[in-house]
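Predicted, not measured: the structure shown is a model, and the values here were computed from it. Any value given below was found using the heavy atoms of this structure, including those in side chains, with hydrogens, waters and symmetry copies removed.
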Amino acid sequence: MQLSSKEARIYVAGHRGLLGQAIVRHLRHEGFGRLILRTRAELDLRNQAEVQRFMAAERPDYIVLAAARVGGILANDTYPADFINDNLLIQNHVLQAAAAEQVSRLIFLGSTCIYPREAPQPIPETSLLTGPLEVTNRWYAVAKIAGVTQCQALRKQHGCDFVSLMATNLYGPGDNFDLATSHVLPALLRKFHEARVRGRRTVSVWGTGTPKREFLYSEDMADACLFALRIPESALYAMAPDGLLNVGTGTDISINELCDLLVRVVGFKGTIVHDRSKPDGTPRKLVDVSRMKALGWQASTPLKRGIEQTYAWYKTTENAC
């Protein structure tokens, strides 16, 4: 059932992450004051008993499941067991408890890495499970595929109104800029910034620079989540009978083009060196956003403006020293 009252109790799982922070900002800006928030120290979503007690006590009306173990190619490759195990535990415990408490609607958030490496471009939601995954992030992808499928199963068997939103590459204020665990855009932004500040002449970029990626500003994704909470059930499932919706911009750029844009925003004057010993990842990953557009939503933040706002935020952090 769609969100209709400002008095609704809304649990945002993962409220300290990049997307979770943006979702909380949007909900508060819209006047939703009864938000339920817990840090990892206060509630370990990997612990089933803790989750069940929490849900029974708080009884949220709506849930946005933004909590997950996330990271880029290096993090996925280094901690494959942690990526698949933690994500399976988090989503299974939250989804099962939400079903038991009969929440009005749950938004399950994932990534477009769930789709096959060689999926048609742009990638429609119907591409799910039609081919092999990209090997560099399959651990996270398999867990998220399980989550999407679990939402579908709970709807089929118990009538749960659980909707899956698959986001393209997110970035924005509050992002993770740790070079060992971050995604491509924040990692490159930090590299170019540090090179400029420290007077370095070169910056190393993984791979060939030819793969193309789509980037979505986190504030736009948060807006999409609030939009999805408000879509009438009849309209939502008429457009997406599988409960699956891609969220993106509908446009992409190559990593080389992204580097050129970051260089201009940061002001780096040196040379880019490609480390071809490192993997490129999926050649292209542009998603078909026609379902969301037909429902009435589309992204509004141009990439350059989003990067400028993200860089302005980054320069205020300790990482930028």
Worksheet item: Linking I/L/V/M/F/W/Y whenever any side-chain heavy atoms sit under 4.5 Å apart, do Val135 and Leu128 land together?
Response: no
Worksheet item: Is it true that Glu214 and Arg284 have a side-chain N and a carboxylate O under 4.0 angstrom from each other?
Response: no
Fill in: Identified side-chain contact (heavy atoms from CB on, under 4.5 Å) counterpart of Arg138 within the set Ile84, Leu133, Asn76
Leu133
Worksheet item: Is there a donor in the side chain of Tyr115 and an acceptor in the side chain of Glu125, or the other way round, less than 3.5 Å apart?
Response: no
Worksheet item: Does a side-chain N-to-carboxylate-O contact under 4.0 Å join Glu233 and Arg155?
Response: yes
Worksheet item: Side chains of Asn176 and Thr181: donor-acceptor distance under 3.5 Å anywhere?
Response: yes
Discussion item. Ring centroids only, cut at 6.0 angstrom: are Phe162 and Phe108 within range, meaning strictly under it?
Written reply: no
Worksheet item: Under a 4.0 Å N-O cut-off, is there an ion pair linking Lys212 with Asp252?
Response: yes
Item to complete: Answer with yes or no whether the side chains of His183 and Asp175 bring together a donor and an acceptor at under 3.5 Å.
Response: no
Item to complete: Decide whether Val94 and Val24 are clustered together by the hydrophobic rule: side chain heavy atoms of Ile, Leu, Val, Met, Phe, Trp, Tyr closer than 4.5 Å, transitively.
Response: no
Worksheet item: Are Asp61 and Ser104 close enough that a side-chain donor and a side-chain acceptor fall under 3.5 Å?
Response: no
Worksheet item: Roughly how far, to the nearest 0.5 Å, is CG of Leu303 from CG of Leu258?
Response: 6.5 Å
Item to complete: List for me each residue that meets side-chain contact (heavy atoms from CB on, under 4.5 Å) alongside Thr202, sequence neighbours excluded, and say none if there are none.
Response: Thr271, Val273
Fill in: Note: Glu58-Arg38 ion pair, threshold 4.0 Å (strictly below)
yes
Response to the item:
Which of Val70, Leu170, Ile23 passes side-chain contact (heavy atoms from CB on, under 4.5 Å) with Leu18? Answer is Leu170
Worksheet item: CZ/Arg69 to CG/Leu45 distance, rounded to the nearest 0.5 angstrom?
Response: 14.0 Å
Worksheet entry | Pair Arg190 + Glu194, salt bridge at N-O below 4.0 Å | yes
Fill in: Between CZ on residue Phe192 and SG on residue Cys259, distance to nearest 0.5 Å
4.0 Å
Fill in: Any pair counted as ring-ring contact (aromatic ring centres under 6.0 Å, His included), so long as it reaches residues 48-95, sequence neighbours left out
Tyr11-Phe54
Discussion item. Do Ser254 and Pro211 have side chains that approach each other closer than 4.5 Å (heavy atoms only, starting at C-beta)?
Written reply: no
Fill in: 4.5 Å side-chain heavy-atom contact, Arg34 and Lys6
no
Worksheet item: When you check the side-chain N and O atoms of His15 and Gln21, is any donor under 3.5 Å from an acceptor?
Response: no
Worksheet item: Is it the case that one hydrophobic cluster holds both Tyr314 and Tyr217, taking links as side-chain heavy atoms less than 4.5 Å apart, direct or via other members?
Response: yes
Practice prompt. Indicate whether the side chain of Ser290 and that of Asp288 have a donor and an acceptor atom separated by less than 3.5 Å.
Written response: yes
Worksheet item: What distance do Asp44 atom CG and Leu89 atom CG have between them, rounded to the nearest 0.5 Å?
Response: 9.0 Å
Item to complete: Would you kindly confirm whether Tyr237 and Leu295 end up in one hydrophobic cluster when ILVMFWY residues are joined by side chain heavy atoms under 4.5 Å apart?
Response: yes
Practice prompt. Any chance you could measure Asn137, atom CG, to Asp77, atom CG, to the nearest 0.5 Å?
Written response: 10.5 Å
Worksheet item: With the 4.5 Å side-chain cut-off for hydrophobic clustering, are Ile145 and Leu165 part of the same group?
Response: no
Practice prompt. Could you verify whether a donor N or O on one side chain and an acceptor N or O on the other, from Ser5 and Glu7, lie under 3.5 Å apart?
Written response: no
Practice prompt. Side-chain contact test, heavy atoms from C-beta onward, threshold under 4.5 Å: evaluate it for Pro132 versus Arg117 and give yes or no.
Written response: no
Worksheet item: Would you say the side chains of Gln152 and Asp242 form a donor-acceptor pair under 3.5 Å?
Response: no
Worksheet entry | Validation row: His193, Lys315 side chains within 4.5 angstrom (heavy atoms) | yes
